[in-house]
Amino acid sequence: MSQSDPPLPAPLDLRGVAVWPGLLSPAAQTAMLADLRAAVAQAPFYRPVTPGGQPMRVRMTAAGRFGWFTDRRGYRYVDRHPNGTPWPAIPDSVLAVWRAVADCPRDPESCLINLYRDDARMGLHQDRDEADFTCPVVSISLGDDGLFRVGSVTRGGKTQSIWLRSGDVAVMGGPARLTHHGIDRIRPGSSTLLDGGGRINLTLRVVT
Ligand code: MD3
Ligand code: FE
C-alpha cells in the first residue's frame, strides 16, 4: 500500500464506521503477521487486569510510543511493556494502512495488538483514554472472524453488528470516534492465518 496505489473503493458504512472488507490481500496479511511476530517476540502478549481486578479475556500487547494498559490502578497509556522494555516500533506494513485510510496529518502513536482466542470477547465500550479525538481510530483484523457491534455515542440505544474478517480495515472518525463498540465473539477455526488459531486486531491511534 503506497501513495501511488489506486484510489480506495467506497467503504461500507456501519453507523458511521467505514469498513473496507478484504482491503489487505492474503499476501499482505501474511507479510503483516510476520512483522507482528517480530514485535511480539520483544513484547509478548499478556492478560490485562481491569480496575475491578478481573483479568481480561483478550490478550494484549502494543507497538509504538504508547500502549494502552490497565491494571488495578486504572486505564491509561504507558510507554513500556509490563516487562519494563519500551514497546517495539509500529511495523511499516501497518503504518502504510493508516496512511492510506486515516484522514489525519499525524502518524499513529499507538498500535494496540489484541489477541482473541476461543471465548475471548470485548464488551461495549468507548475509546476515550486519548487526549485528542480529532484523528480516527483505524482497526485491522487478522485471522478468525469477529462479530463487531457498533452502538451510539450515548449509552444504550440501537446497535448494529457485522462479522469482521481477516484483511478487513475499519475507520472510526468524526462523529463515530466516540461511539460504543465491542466484539461479541469470534468464530474459532474460521481462518488458518494464525498458528494456534484466533483473531488479532490492531487498533491504531493518535494519543497525545
Ligand atoms: C469504534 N478493539 O481495542 S476494533 C479496542 O476488534 C477495540 O479488538 C476491538 O475496541 C477489537 O479498543 C474493536 C474496532 C474499533 C476500534 C475503535 C473504535 C471500533 C471503534 C473507536 C470508536 C468507534
Ligand atoms: Fe475500543
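From a predicted model like this one, the values you see are computed outputs, not experimental measurements. Both ligands and their constituent atoms are indexed starting at 1 by order of listing. Start at 1 with the first residue, then count along the sequence.
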Heavy-atom check, side chain of [X] versus side chain of [Y], under 4.5 Å:
X: Ser141; Y: Ser166; result: no
X: Arg47; Y: Met56; result: no
X: Leu193; Y: Thr30; result: yes

Under 2.8 Å from the Fe ion (ligand 2), how many protein N/O/S atoms can be counted? 3

Enumerate the pairs of nitrogen or oxygen atoms, one from ligand 1 and one from the protein, separated by less than 3.5 angstrom; state names and distance to 0.1 Å.
unit_1	atom_1	unit_2	atom_2	d
ligand 1	3 (O)	Asn114	ND2	3.0
ligand 1	6 (O)	Arg199	NH1	2.9
ligand 1	6 (O)	Arg199	NH2	3.2
ligand 1	8 (O)	Asn114	ND2	3.0
ligand 1	8 (O)	Tyr116	OH	2.5
ligand 1	8 (O)	Asn201	ND2	3.3
ligand 1	10 (O)	His125	NE2	3.2
ligand 1	10 (O)	His181	NE2	2.9
ligand 1	12 (O)	His125	NE2	3.2
ligand 1	12 (O)	Asp127	OD1	3.2
ligand 1	12 (O)	Asp127	OD2	3.3
ligand 1	12 (O)	Arg205	NH2	2.9

Lys/Arg cation over aromatic Phe133: Arg177, 6.0 Å, 45° cone: no

Classify the side-chain pair Asp144/Ser191 by whether it contains a donor and acceptor separated by less than 3.5 Å. no

Among side-chain atoms of Thr208 and Glu109, is any donor-acceptor pair under 3.5 angstrom? yes

Any side chain to side chain donor-acceptor pair (under 3.5 Å) involving residues 48-70? Give me the pairs, sequence neighbours left out, ordered by first then second residue. Trp68-Asp129

Donor-acceptor check, side chain of His181 to backbone of Phe148, threshold 3.5 angstrom: yes or no? no

Donor-acceptor contacts under 3.5 Å from residues 158-165 side chains, at least two apart:
unit_1	atom_1	unit_2	atom_2	d
Thr159	OG1	Arg149	NH1	2.8
Arg165	NE	Asp145	OD1	3.4

